[in-house]
Visitor: 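I have a structure I would like to understand better, so I am pasting it below and will then ask my questions one at a time.
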2 protein chains.
Amino acid sequence: MRSENEASGQKPRSFIEQARRAQIMASAIEVIAEVGFAKASLALIAKHAGISKGVISYHFAGKDELMEQVVDHVYSGIADFVLARMEGESTATGLLRTHLLTVAEHMRDHRVQLMALGEIFHNLRLPDGSPRYGITANEELYESLERIYRFGQSTGEFRRFDTRVMAITHSSAVDNMFAYWAAYPEHDLDAHARELVEIFLRAVR
Amino acid sequence: MRSENEASGQKPRSFIEQARRAQIMASAIEVIAEVGFAKASLALIAKHAGISKGVISYHFAGKDELMEQVVDHVYSGIADFVLARMEGESTATGLLRTHLLTVAEHMRDHRVQLMALGEIFHNLRLPDGSPRYGITANEELYESLERIYRFGQSTGEFRRFDTRVMAITHSSAVDNMFAYWAAYPEHDLDAHARELVEIFLRAVR
DNA sequence: CTAATTTTTGGCCATGCGGTCAGAAAATGA
DNA sequence: TCATTTTCTGACCGCATGGCCAAAAATTAG
């Protein structure tokens with residue numbers, strides 16, 4: 001989303017600043033994936049990175065900003081990868097198949113990042129106690145999936161159905177494919193994704 | 001699972017004991033549903049129940065036991081309700097439809113219980129830091145869903161497919177139907193469930 | 001009624017948390 | 001080289017947590 005010298009903000013980040021932020025985010029991802037969100041304290045993240053705890057406070061406004069940066073980083077990594085692969089597709093069927101297979105392929109190489117993403121997603125809360133990212137944070141994803149399904153309906157590839165329910169179901173199938181594979185690493189991710197293609201293509205036909 | 005005087009354990013629970021445990025569990029459910037697992041402290045649960053914090057320690061071995069009792073209680077509530085409704089069904093198609101519709105019906109009347117269940121499921125950890133209930137806690141559910149799908153395959157109602165992937169997808173569709181409705185209470189739960197029936201029956205046909 | 005037992009209270013404890021800060025160290029620039 | 005700025009350290013703060021316990025209160029038994 002942000003290249004490196006946005007017109008909006010203040011001075012550009014120094015080299016050290018960028019490197020430290022990246023290092024701290026990477027450490028946070030690894031710690032969260034290993035011990036879970038609740039036990040991923042700043043002290044532990046700092047220790048794992050081999051730095052003093054104060055450095056995190058120096059480079060980030062607080063724990064919440066660090067977590068949000070991690071989410072942005074990991075999430076845009078997925079989006080960039082998947083959207084690039086979908087660009088060539090012209091049919092709704094092709095878009096659907098490519099989306100499912102590409103997401104699975106990306107998961108294979110980003111296990112810890114996605115585990116951390118899920119932990120933060122489920123646990124981070126605003127100061128008032130309400131979830132920072134709840135289901136409501138999926139709205140953008142739901143809308144882009146609905147666009148594919150409506151496109152398929154408009155071309156006659158797909159039957160009529162509630163596109164919102166289909167998008168929710170699709171999204172949850174992908175999330176749980178990852179969660180299952182994260183718990184059982186020997187599970188065949190690609191085969192799972194191919195099964196999902198079959199399931200959803202039959203469901204919409 | 002446990003009626004009221006199991007042969008296994010020690011002395012039966014006194015009346016006061018049972019009442020207090022039920023009261024504390026109910027309070028825990030409401031507090032967790034409202035402020036989330038992380039902020040649901042024993043102090044808050046006690047205050048919400050109008051009792052002193054020490055009472056909880058007196059009636060439960062610790063916070064973990066309280067949480068596990070809540071999970072057992074809510075979970076067996078679902079299982080009892082859904083299994084009773086499924087008893088009359090003789091076809092795999094009927095079992096599948098009944099399962100989806102009955103789960104949705106149960107959700108409608110047990111919003112806070114299920115919100116609390118989800119919070120505990122996602123957040124409770126063993127002393128060593130590993131999840132108390134992860135995806136692996138779904139094994140029993142997956143197996144019972146797989147039994148339905150394999151039954152349908154054996155009668156020729158359903159095509160051949162990977163029953164494990166189907167069970168995971170089915171289970172996640174139900175979980176997210178609830179999560180979406182919990183976030184958007186005006187969402188039509190019954191219509192959602194009927195869409196799921198359509199989706200899965202087409203997927204297996 | 002009295003003694004024994006169960007239950008409740010409210011304060012206390014050690015622990016770990018996120019965040020802050022003064023000063024040391026390192027990098028930068030003239 | 002030396003002054004200035006950036007970066008880092010390690011100690012410290014206030015706070016909330018889960019758990020503990022002595023004593024009070026309530027209940028039960030004889």
Side-chain angles (χ1 to χ4, degrees), chain A residues 9-28 31-32 34-71 119-120 123-129 132, chain B residues 9-28 31-32 34-70 116 119-120 123-129 132:
Chain A
Q10 325 298 355
K11 19 181 143 175
R13 301 203 186 284
S14 76
F15 176 77
I16 285 188
E17 179 90 20
Q18 284 188 319
R20 272 283 189 242
R21 285 173 67 97
Q23 177 199 22
I24 293 167
M25 283 166 58
S27 178
V31 170
I32 293 169
E34 190 177 329
V35 305
F37 181 87
K39 297 203 172 187
S41 65
L42 292 184
L44 205 53
I45 292 169
K47 184 181 175 185
H48 184 265
I51 60 180
S52 167
K53 194 176 57 152
V55 184
I56 299 179
S57 298
Y58 180 77
H59 290 285
F60 293 89
K63 195 184 187 184
D64 288 356
E65 197 218 327
L66 169 57
M67 295 298 154
E68 289 177 4
Q69 291 296 321
V70 169
V71 169
E119 284 286 322
I120 300 174
N123 293 303
L124 190 62
R125 304 216 163 218
L126 296 170
D128 68 24
R132 170 67 179 80
Chain B
Q10 323 300 354
K11 18 181 146 174
R13 302 203 185 285
S14 75
F15 177 76
I16 285 188
E17 178 89 21
Q18 283 189 321
R20 271 282 190 241
R21 284 173 68 97
Q23 177 199 22
I24 292 167
M25 284 166 56
S27 177
V31 170
I32 292 169
E34 189 177 330
V35 306
F37 181 87
K39 296 204 172 187
S41 64
L42 292 183
L44 204 54
I45 293 168
K47 184 182 175 186
H48 184 265
I51 59 180
S52 166
K53 195 176 54 150
V55 184
I56 299 179
S57 298
Y58 180 77
H59 290 284
F60 292 89
K63 194 185 187 184
D64 289 356
E65 198 218 326
L66 169 57
M67 295 297 155
E68 289 177 4
Q69 292 296 321
V70 169
E119 285 286 324
I120 299 173
N123 292 303
L124 190 62
R125 303 216 163 218
L126 296 170
D128 68 24
R132 172 65 179 83

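Note that these values count all heavy atoms, side chains included, but never hydrogens, waters or copies made by symmetry.
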Visitor: How does protein reach along nucleotides 20-28 of chain C, written 5' to 3' as B (base within reach of a heavy atom under 4.0 Å), S (only sugar-phosphate), or - (no contact)?
Guide: B--------
Visitor: Check the distance between D/dG19's P and B/F60's CZ and give it to me in whole angstrom.
Guide: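 Checked: the CZ to P distance equals 12 Å.
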Visitor: Suppose we screen for side-chain contact (heavy atoms from CB on, under 4.5 Å). Which residues come up paired with B/S41, at least two apart in sequence or across chains?
Guide: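 Per chain and number, B/S41 pairs via side-chain contact (heavy atoms from CB on, under 4.5 Å) with B/A43, B/L44.
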Visitor: In whole angstroms, how far is the C1' atom of C/dG10 from the CD1 atom of B/I51?
Guide: 14 Å
Visitor: Would one find a side-chain N or O of B/H59 under 4.0 angstrom from OP1 or OP2 of C/dT8?
Guide: yes
Visitor: To the nearest 0.5 Å, tell me how far B/I32 CD1 sits from B/M25 CE.
Guide: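 Answer for the CD1-CE pair, B/I32 versus B/M25, is 10.5 Å.
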Visitor: Measure the distance from CD on B/Q23 to P on C/dT8 and round it to the nearest whole Å.
Guide: 9 Å
Visitor: Is there a side-chain polar atom (N or O) of A/R20 under 4.0 Å from OP1 or OP2 of D/dT6?
Guide: no
Visitor: Out of C/dG19, D/dT7, D/dT9, which nucleotide sits closest to the side chain of A/S52?
Guide: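 Ranking C/dG19, D/dT7, D/dT9 by closest atom to the A/S52 side chain puts D/dT9 first.
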Visitor: Specify the separation, in whole Å, of atom CD1 of B/I24 and atom C1' of C/dT7.
Guide: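 Rounded to whole Å, this separation is 11 Å.
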Visitor: Going by the rule side-chain contact (heavy atoms from CB on, under 4.5 Å), which residues pair with B/A49 if we only count those two or more places apart in sequence or in a different chain?
Guide: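 side-chain contact (heavy atoms from CB on, under 4.5 Å) list for B/A49, sorted by chain: B/Q23, B/S27, B/I51.
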Visitor: Please state how far atom CG in B/L124 lies from atom C1' in D/dT17, giving the value in whole angstrom units.
Guide: 16 Å
Visitor: Just how far, in rounded Å, is P of D/dG19 from CD of B/E65?
Guide: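 Going from CD in B/E65 over to P in D/dG19 covers 11 Å.
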Visitor: When you measure from the side chain of B/E65 to the backbone of B/F60, do you find a donor-acceptor pair of N or O atoms at a distance under 3.5 Å?
Guide: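 Absent.
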Visitor: Hey, can you pull the residues of residues 37-50 of chain A with a non-hydrogen atom under 4.0 angstrom from DNA chain D?
Guide: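 Under 4.0 Å from DNA chain D: no residue of residues 37-50 of chain A.
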Visitor: List the atom of B/Q69, the atom of B/R21, and the distance in Å for their closest heavy-atom pair.
Guide: CD-NH2, 3.5 Å
Visitor: Quick check for you: among D/dC8, C/dT6, C/dT9, whose closest atom lies nearest to any side-chain atom of B/Y58?
Guide: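 Looking only at heavy atoms from C-beta outward on B/Y58, the closest nucleotide is C/dT6.
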Visitor: How long is the gap from CD1 on B/I45 to CD1 on B/I24, to the nearest 0.5 Å?
Guide: 9.5 Å
Visitor: Restricting to side-chain hydrogen bond (donor to acceptor under 3.5 Å, both in side chains), what partner residues turn up for B/E68, sequence neighbours left out?
Guide: B/R132
Visitor: Expressed as a whole number of angstroms, how long is the span from B/K63:NZ to D/dA16:C1'?
Guide: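 So the two atoms are 11 Å apart, to the nearest Å.
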Visitor: Residues in side-chain contact (heavy atoms from CB on, under 4.5 Å) with A/S57, at least two apart?
Guide: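 side-chain contact (heavy atoms from CB on, under 4.5 Å) list for A/S57, sorted by chain: empty.
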Visitor: Provide the closest heavy-atom pair for A/A40 versus A/V35 in the form atom of the first, atom of the second, distance.
Guide: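 Nearest heavy atoms, A/A40 then A/V35: N-CG2, 4.0 Å.
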